[in-house]
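The structure appears below as C-alpha cells.
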Protein chains: 2
Amino acid sequence: MSDRSSGLSGLTSARQVGRLAPVRRTSTVDLIADRLREAVVDGSLPPGAALGEAELAFQLGVSRGPLREAMQRLTAEGLLVIPRRRGLAVRTMTPEDVRDIHWLRARIEPELGRRILARPLAERKTVLAELGTEVKRMQRALKKDDARALGDAYLDFHRGLAAWGGSIRLARMMSTLLIETRLCTFSMYEHFEVAVDLVPEHLAFVDALAAEDAERFDALMCAHLDAEVRRLLAEPEAAKEDDADRLLAETPDEPQPLDRLDLPEGI
Amino acid sequence: MSDRSSGLSGLTSARQVGRLAPVRRTSTVDLIADRLREAVVDGSLPPGAALGEAELAFQLGVSRGPLREAMQRLTAEGLLVIPRRRGLAVRTMTPEDVRDIHWLRARIEPELGRRILARPLAERKTVLAELGTEVKRMQRALKKDDARALGDAYLDFHRGLAAWGGSIRLARMMSTLLIETRLCTFSMYEHFEVAVDLVPEHLAFVDALAAEDAERFDALMCAHLDAEVRRLLAEPEAAKEDDADRLLAETPDEPQPLDRLDLPEGI
DNA sequence: GATCATCGTATTGTCGACAAACTTACAATA
DNA sequence: TATTGTAAGTTTGTCGACAATACGATGATC
C-alpha cells in the first residue's frame with residue numbers, strides 16, 4: 001500500500017521562492033489512527049475480534065489516552081465498533097452492508113470518469129499513467145498469485161480515481177468505502193479471494209479513459225461493481241481455498257467471538 | 001432540531017412480546033460529541049473560533065479526556081479542525097468547499113427520490129406525511145421570520161429524505177454534509193440567511209413525490225442545489241441584515257482569529 | 001441436576017498531574 | 001527604529017492511577 005500523503009497530490013507549489021509550504025506536522029493520534037487503519041486493511045485486525053485497550057496500547061508503544069482518541073476517530077469512520085467494556089472490534093460486514101457499500105460506490109465512481117475527462121490534458125496523462133501503473137501492479141500480483149498485493153493495487157487504483165475526481169470530501173469518503181469493501185472480503189470469506197477477472201476489468205477502465213469515452217467508463221464501472229457484489233455475496237464455500245493458509249497464517253485465537261455488534265449510535 | 005435517535009427510524013420492532021429491543025446505552029463520548037455537533041449546527045460555536053480544551057471541558061462538566069475523544073470524532077467527520085496547540089476550531093468553509101459539498105449532494109439527493117418511490121406504499125405515505133410536516137414547520141418559521149427554525153426544518157427535511165433512502169452509510173454521510181451546508185452559511189455570511197423561495201421549492205419536492213414523478217424530483221433537486229450554491233456564493237453584502245443581531249446576539253469576542261486552518265491530515 | 005446468587009477479577013471509563021512545547025511579550029543591540 | 005533573542009506564561013499532549021462496572025466462576029439451595 002502506497003503512502004497516502006506522498007503519492008497523489010503532494011508538492012505542487014513548494015518551489016516558489018519566499019513562499020514556503022507549511023511544514024506538515026503529524027500528531028501522535030494521526031499516527032496511531034493510520035496504523036490502525038493499516039492494520040484493518042492488512043487483515044491483522046480481523047473483523048469481529050475484540051482487542052483489549054491496554055494490550056493494544058502496549059503493542060503500539062503508546063499510552064491508552066491517544067489510543068482511545070484514535071479509536072474514536074476510526075469509529076466515526078465506521079471501521080471500528082466500541083462495544084461496552086470489551087475493548088474495540090473491527091466491524092463485521094453483513095450482506096446488507098455489502099449491498100449498501102456497493103450501491104453507494106455505484107452512485108459515485110461512474111461519475112468519476114466524467115470528472116477526470118473534464119480535466120486538462122496534462123493532468124489526464126498523469127492520471128492515465130498512474131492508473132496504468134496500478135493495473136501493472138495488479139497483473140504482477142496476479143501472476144505471483146499474491147492476493148494481498150492484488151487487493152492493495154485494487155485499493156490504490158480506486159483511491160487514485162477518487163483522488164483525481166477533484167473533491168476532497170469525495171476522496172475521503174471513497175477511501176473509507178474502499179477499506180470497508182476490503183472488510184467485506186474479510187467478513188464474507190475468512191480470507192482473501194483472488195478474483196481472476198479483476199485485471200481485464202481494470203484494463204478496460206484505463207482503455208475507456210484513454211479513449212475519452214465517459215459513457216463506456218460509466219457502464220464498465222457499474223458492471224464491475226455489480227460483479228463485485230455478486231462475487232462477495234456468493235456462498236462462502238464457493239471461495240477458493242488456495243492461499244488461505246499463507247495469508248492468514250497468523251490467525252488469532254478467536255475468529256468470531258462477538259458475532260453481531262450493534263453500532264453504538266444510529267444514523 | 002429534533003432528536004435524531006427518536007425521530008426517523010426508532011421504535012420499529014419494540015412492541016413484540018418476548019423480543020425486547022436492546023437498551024440503548026449511550027456513552028459519555030457520544031453525549032459530548034452530540035453536544036458539540038449540536039453547538040456547531042446551532043452556531044454557538046462559530047467557524048474559525050479557537051476554543052481552549054480546559055475551558056470547554058469545564059463548560060461541559062466533563063474531564064478533558066472524553067472531550068478530546070469526542071473532538072477526534074468530530075474531526076473525522078470534517079466538522080472540526082485541531083490546530084497544533086490551539087485548542088479546537090470549527091472548520092471554516094471556503095467557496096471551494098461550498099461547491100464541493102453541493103456537488104456531492106447533487107450526486108446523492110436526486111437519486112433519493114427514486115429510492116423512496118421504490119418503497120412499499122405504506123412506507124411512502126409515512127415519508128410523505130413526515131416530509132409534509134417539515135415543510136409546514138418551514139412555513140411557520142418563515143411566517144415568524146425565524147431563520148433559525150427555518151434552517152432546522154430544512155435540515156430535518158433533507159435528513160428525513162436521506163433516512164428513508166434506505167442506506168445507513170448514506171444517511172450518516174448526508175447528515176454530515178447537511179451540517180457542513182449549514183457551516184457554509186455561517187462561513188459565507190456572518191449570520192443566517194432567510195431564503196424566501198426555500199418553502200415553495202420544498203413544497204414542489206413533496207408534490208413530485210406524491211405524484212410519483214421521480215424525474216421531476218430529480219430535476220427539482222438539481223435546480224434547488226444549484227440555486228443554493230448561487231445563493232451562498234453571492235457577495236456577502238447581498239445578504240439581508242434583518243435578524244442577524246437576534247440570531248448572533250451572543251457572538252464571541254474574536255470572530256475569526258485564525259483565518260485559514262489547514263486540515264491536520266490529507267484525504 | 002439445574003438455576004440463582006454472590007464473590008472475585010480484570011478491564012474500562014474517567015480524572016488529575018506533569019512535562020514539553022509553542023506563543024507572546026519585552027528588552028537589548030545594531 | 002526595527003529586528004532578534006530570551007524568558008515567562010499558558011496550553012497541550014501524554015501518562016499513571018483510581019474507582020466502578022461487567023463478566024465469569026464457584027458454590028449453595030431448591
Side-chain angles (χ1 to χ4, degrees), chain A residues 18 20 22-36 45 48-76 80-90 252-254 256-262 264-265, chain B residues 20 22-36 45 48-76 80-90 252-254 256-265:
Chain A
L20 276 309
V23 50
R24 172 79 61 199
R25 265 171 313 189
T26 161
S27 76
T28 310
V29 180
D30 287 335
L31 252 23
I32 302 176
D34 284 346
R35 202 60 157 276
L36 284 180
L45 290 184
L51 280 305
E53 289 182 4
E55 167 66 18
L56 198 53
F58 175 76
Q59 280 184 25
L60 291 168
V62 293
S63 177
R64 279 177 50 218
L67 172 63
R68 283 177 66 92
E69 294 180 25
M71 279 164 50
Q72 291 295 337
R73 195 184 290 193
L74 280 269
T75 300
L80 254 48
V81 288
I82 305 187
R84 308 267 311 179
R85 307 216 156 249
R86 218 172 282 195
L88 80 169
V90 179
D253 30 12
E254 28 185 358
Q256 295 281 114
L258 14 134
D259 200 330
R260 204 57 196 88
L261 295 167
D262 52 340
E265 57 159 353
Chain B
L20 275 309
V23 51
R24 175 75 64 196
R25 263 173 314 190
T26 161
S27 75
T28 310
V29 181
D30 287 335
L31 250 25
I32 301 175
D34 284 346
R35 201 61 156 275
L36 283 179
L45 290 184
L51 281 304
E53 289 183 3
E55 167 67 17
L56 199 53
F58 175 75
Q59 279 185 24
L60 291 169
V62 293
S63 177
R64 278 178 49 220
L67 171 63
R68 282 178 67 92
E69 294 180 25
M71 279 164 51
Q72 290 295 335
R73 197 183 290 193
L74 280 267
T75 301
L80 254 49
V81 287
I82 306 187
R84 307 270 309 180
R85 307 218 158 247
R86 217 172 281 197
L88 80 168
V90 179
D253 30 11
E254 29 185 357
Q256 295 281 113
L258 13 135
D259 199 330
R260 202 58 196 91
L261 293 167
D262 53 341
L263 281 245
E265 56 158 355

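Here is the naming used below: chain letters follow the sequence lines, and residue numbers restart at 1 for every chain.
Scanning for side chain to side chain donor-acceptor pair (under 3.5 Å) contacts around E53(B) gives R64(B), R68(B), with sequence neighbours left out.
For the pair P83(A) and A89(A), the tightest heavy-atom approach, listed with the atom from each and the gap, is CD-N, 4.3 Å. In this structure, I32(B) and A70(B) approach most closely via the heavy-atom pair CG2-CB, 3.6 Å. Taking each heavy atom of A76(A) and A76(B) in turn, the nearest pair found is CB-CB, 3.7 Å.
M71(A) has its CE atom 14 Å from the P atom of dT11(C), to the nearest Å. Note: CG (L56(B)) to P (dT12(D)) measures 10 Å, nearest angstrom. Here the P atom of nucleotide dG13(D) and the CD1 atom of I32(A) are 13 Å apart, to the nearest Å. Distance L67(B) CG to dG13(C) C1': 15 Å, rounded to the nearest Å. In this structure, the CD atom of E53(A) is 6 Å from the C1' atom of dT12(C), given to the nearest Å. Atom CG of L88(A) and atom P of dG13(C) are 11 Å apart (whole Å). The nearest whole Å value for the distance from the CG atom in D30(B) to the C1' atom in dG13(C) is 13 Å. In this structure, the CZ atom of R68(B) is 16 Å from the C1' atom of dG13(C), given to the nearest Å.
Between R35(A) and L31(A) there is no side-chain heavy-atom pair separated by less than 4.5 Å.
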### Query
Once Watson-Crick and G-U wobble pairs under 3.5 Å are found, how is DNA chain C written in dot-bracket notation, 5' to 3', with | for any base paired to another strand?
||||||||||||||||||||||||||||||
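A distance of 9.5 Å separates CE in M71(A) from CG in L51(A), rounded to the nearest 0.5 Å. Considering CG of D30(B) and CZ of R73(B), their distance stands at 4.5 Å, rounded to 0.5 Å.
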### Message
One pair to check against side-chain contact (heavy atoms from CB on, under 4.5 Å): V81(A) and L88(A). What are the steps and the verdict?
### Response
CA-CA 6 Å; V81(A) 288; L88(A) 80 169; over 6 Å; no
### Verdict with reasoning, L36(A) to L56(A), per side-chain contact (heavy atoms from CB on, under 4.5 Å)
CA-CA 10 Å; L36(A) 284 180; L56(A) 198 53; 4.1 Å; yes
Under 3.5 Å, N/O pairs linking protein and nucleotides 15-19 of chain C:
unit_1, atom_1, unit_2, atom_2, d
dC15(C), OP2, S63(B), N, 2.8

